[in-house]
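To keep things clear, I will list the structure first and then write my remarks on it.
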Amino acid sequence: MEITELLKPNLMIMDLKATNKRGVLDEMISRLFESGIIDNQDVYCQDILKREREATTGIGDGIAMPHARNDAVKQPAVLFARSRTGVDYDSLDGHPVYLFFMIAVPEHANEMHLQALAALSSLLLDSKLIKQLKDAATPEDVQQLFVKAQQKKTTQQAPQVTTTSNRPFLIAVTACPTGIAHTYMAESALHKAADQLGINLKVETNGSEGVKHALTATDIQKAAGVIVAADKKIAINRFNGKPLLQVPVVDGIKRPEELLKQTLAGGVPTFHADGESASTPKKCTSGDGIWHHVYQDLMSGISNMLPFVVGGGILMALSFLLEQSLGKTSTAFIFLNSLGTNAFSFLIPILAGYIAYSIADRPALMPGFVGGYMATLASASIVKANGSAGFIGGIIAGFLAGYIMIGLKHIFHKMPKSLDGLKPMIIFPVLGLLIVGALMYFLIDPIFSVVNLALVHFLTTMGTANAVLLGGILGGMQAVDLGGPVNKAAYTTAIGVLSATGNGSMMASVMIGGMVPPLAIALATTIWRHKFTADEQKAGISNYVLGISFITEGAIPFAIADPVRVIGSCLVGSILGGGLAQLWNVSVPAPHGGLWVVLLMHNPLLFVLALLIGSVVAGTIYGLWKPQL
């Protein structure tokens, strides 16, 4: 497939009308939809925005490359757009963006499509081509510029590494989460810089078309150093004992010469795999803080725990429904209840285990699991307590296991290489389990079992006023960041209460609080249609389904475009709905599902009424507050 088949003149916008980032994205997505490249703007837009939240696609030098790969794309294409005045796009260099390349790839694109996209991405490193694109008069001129650039690149392809060369030899790996553009741009930039510096370089790409130019054992053995420019996990234990420099993939694009010089000069640490991990170590980039990593680790535990929460919780709630009609001795009730209960029993061990895994990889997984399991048991240490440490203890167990394992790795990293095999097989499991187990048994379980019992007592005996206040707070937290850390903190709290007490009242407040934002958006775009664009009206319709399904993230695109009005109005509605759920003694024994599990609820009609009131209030505030187009 040739570049001209992807970069078609009818897909070019030579003078963008939009003046902000979201407007530019919407304008380009609309053109893709009108041209038949995509058949669902909402689905494609969600993945575009998701990619932007992970890291901006404004790579600097006036270029942005937003991209997505999903089922909404019917045929691969690249839309070229140009802004004469420049757009503030949160670009990595802080400068305005003038040239935009929106890449659309089908979910199951074949290798030919992906190779063409990789070639196109690498061409954008040519400063001369960028200048010519800014001055191009017609779409046909743009297309011809890329054809000529491709022909030039084919004749000047970076030379392959040969064993007879006396030049120094380095190896590199490039990878980004989607593997469409940045992976290949970093590869091309590194090759170009290596050629200028007189360095032989082999680059392995881990992109959408799979691993290409895979590094062999011989390559690794001969290399003087390794550069890993990646934003996703890649196999890294193979580089054991090699000087290794790990950076984000965008650094491979923006400063390849600096990375090559630094690695060749020996200014990078030697990587010691210790046999425990097959993936990239956690990196700290500038701007990262301790709370950022704590949040990432906690979210890792929660995301792995959620399938047990949802599956076990809904089956358990369904068993209660069958109990009312079939009785406690029925096979259906006993089966579903025991199945849900068994799944629920894994919640805290899974949470703790994967927090530990996120911090220190595989060696921390086992002590994290065991520490989490100990948090579910009644304290049996010399300091007696009548309860378990619960969710709080499980979270602490996960962080303990992770950071204890990091400490053990540091302590034993200078062991003779001949004894490396002992670390993952004996030293780490035995010492990790012993230390985590001792801390849980003698310290964490006794202390936090008392704390957990006090919290349970407060939640089960608090008066109506306190319950309404707490319900309003938890409901409002769902709307603060629409799926972010505050939202997840409220959800985790409700799960903890449900698992500890069997009482789903707090889950009712959290569920309503999370359902209000998308439903409020849907109502506002329906009643005040004249205040929204055609694309926003279509997105509003999809929010009806997302809202009743308890998927808060449907409101995110609107919040990005208008954060004060959207979040402000949704906060009011979510707080109101969450508080009303407590006032009316609504209870939801299932931890997910929205209105799809309404028959399992206690006081289901009042649940629906509280949801409607919160959604209508929030939607009305937003609709009246939003200015005319």
Fill in the blank from the handout: For His67 and Met65, the nearest pair of non-hydrogen atoms, with its separation, is ND1-O, 2.6 Å
Completion exercise
Shortest non-hydrogen pair, Ile348 vs Gly394, comes out as CG2-CA, 3.6 Å
Exercise for the section: Please examine the side chains of Ile236 and Phe271, heavy atoms only from C-beta on, and report whether any two atoms are closer than 4.5 Å. Expected result: yes
Fill in the blank from the handout: The reported gap from CD1 in Ile350 to CZ in Phe369 (rounded to nearest 0.5 angstrom) is 4.0 Å
Exercise for the section: Evaluate side chain to side chain contact (heavy atoms under 4.5 Å, CB included) for Leu215 paired with Phe239, printing each intermediate quantity in order. Expected result: CA-CA 10 Å; Leu215 298 172; Phe239 304 131; 3.8 Å; yes
Exercise for the section: Spell out, as yes or no, whether a donor-acceptor pair under 3.5 Å connects the side chain of Ser449 to the backbone of Asp445. Expected result: yes
Exercise for the section: Kindly indicate whether the side chain of Leu197, heavy atoms from C-beta on, has any atom under 4.5 Å from the side chain of Leu260. Expected result: yes
Practice task
Taking the side chain as every heavy atom from C-beta outward, state whether Pro429 and Pro363 have any atom pair closer than 4.5 Å.
Solution key: no
Practice task
Mark yes or no for whether Thr552, through its side chain, and Gly514, through its backbone, hold a donor-acceptor pair below 3.5 Å.
Solution key: yes
Exercise for the section: Answer whether the closest heavy-atom distance between the side chains of Asn200 and Leu170 falls below 4.5 Å. Expected result: no
Practice task
With sequence neighbours left out, write down each residue that passes side-chain hydrogen bond (donor to acceptor under 3.5 Å, both in side chains) with Ser549, or none if nothing qualifies.
Solution key: Trp596
Exercise for the section: Evaluate the criterion side chain to side chain contact (heavy atoms under 4.5 Å, CB included) for residue pair Val203 and Val173; output intermediate values, then yes/no. Expected result: CA-CA 6 Å; Val203 182; Val173 182; over 6 Å; no
Handout entry: More than 12 heavy atoms from other groups under 6.0 Å of CZ on Phe346
Key = no
Exercise for the section: Would you confirm whether Thr341, through its side chain, and Asn337, through its main-chain N or O, come within 3.5 Å as a donor-acceptor pair? Expected result: yes
Exercise for the section: Quick one: sort the Phe399 and Tyr403 rings into parallel, tilted or perpendicular, breaks at 30° and 60°. Expected result: parallel
Practice task
Decide, yes or no, whether a salt bridge links Arg238 with Glu204 under the criterion of side-chain N to carboxylate O below 4.0 Å.
Solution key: yes
Practice task
Mind checking the NZ-CZ spacing from Lys222 to Phe169? Nearest 0.5 Å is all I need.
Solution key: 8.0 Å
Problem - Atom CZ of Phe333 with >12 non-hydrogen neighbours under 6.0 angstrom - result: yes
Exercise for the section: Measure the CD1-CD1 distance between Ile406 and Ile411 for me, rounded to the nearest 0.5 Å. Expected result: 12.0 Å
Handout entry: Atom pair OG1 (Thr263) and CD1 (Ile171), whose distance is rounded to the nearest 0.5 Å
Key = 10.5 Å
Problem - Non-hydrogen side-chain atoms of Leu439 and Ile404 separated by less than 4.5 Å - result: yes
Practice task
Please determine, by modelled atom types, if Thr216 and Asp219 share a side-chain donor-acceptor pair under 3.5 angstrom.
Solution key: yes
Handout entry: Stepwise side chain to side chain contact (heavy atoms under 4.5 Å, CB included) check, Val73 with Val105
Key = CA-CA 6 Å; Val73 183; Val105 185; 5.6 Å; no
Practice task
Please report the shortest heavy-atom distance between Gly198 and Pro168, naming the atom on each side.
Solution key: O-CD, 3.6 Å
Problem - Thr270 and Lys242, any side-chain heavy atoms less than 4.5 Å apart - result: no
Exercise for the section: Search all heavy atoms of Ala193 against all heavy atoms of Glu257 and return the closest pair with its distance. Expected result: CB-N, 3.8 Å
Exercise for the section: Return the set of residues passing side-chain hydrogen bond (donor to acceptor under 3.5 Å, both in side chains) with Thr174 (not counting sequence neighbours), or none when no residue passes. Expected result: none
Exercise for the section: Please tell me if the side chains of Pro349 and Thr376 come closer than 4.5 Å, counting only heavy atoms from C-beta onward. Expected result: yes
Problem - Minimum heavy-atom distance Pro367-Met405, with the two atoms named - result: CG-CE, 4.1 Å
Exercise for the section: Test Ile495 against Met305 for side chain to side chain contact (heavy atoms under 4.5 Å, CB included), laying out the working first. Expected result: CA-CA 11 Å; Ile495 293 174; Met305 177 189 72; 4.2 Å; yes
Problem - Backbone N/O of Ser338 and side chain of Asn342: donor-acceptor pair under 3.5 Å - result: yes
Exercise for the section: With the side chain counted from C-beta on, respond yes when Phe550 and Val510 share a heavy-atom pair under 4.5 Å apart, and no when they do not. Expected result: yes
Practice task
Please round to the nearest 0.5 Å and tell me the distance separating atom CE of Met507 and atom CG of Leu474.
Solution key: 10.0 Å
Handout entry: Nearest non-hydrogen partners of Gly368 and Ala352, listed with the distance
Key = O-CB, 3.3 Å
Problem - From OG1 (Thr183) to CD1 (Ile253), nearest 0.5 Å - result: 8.5 Å
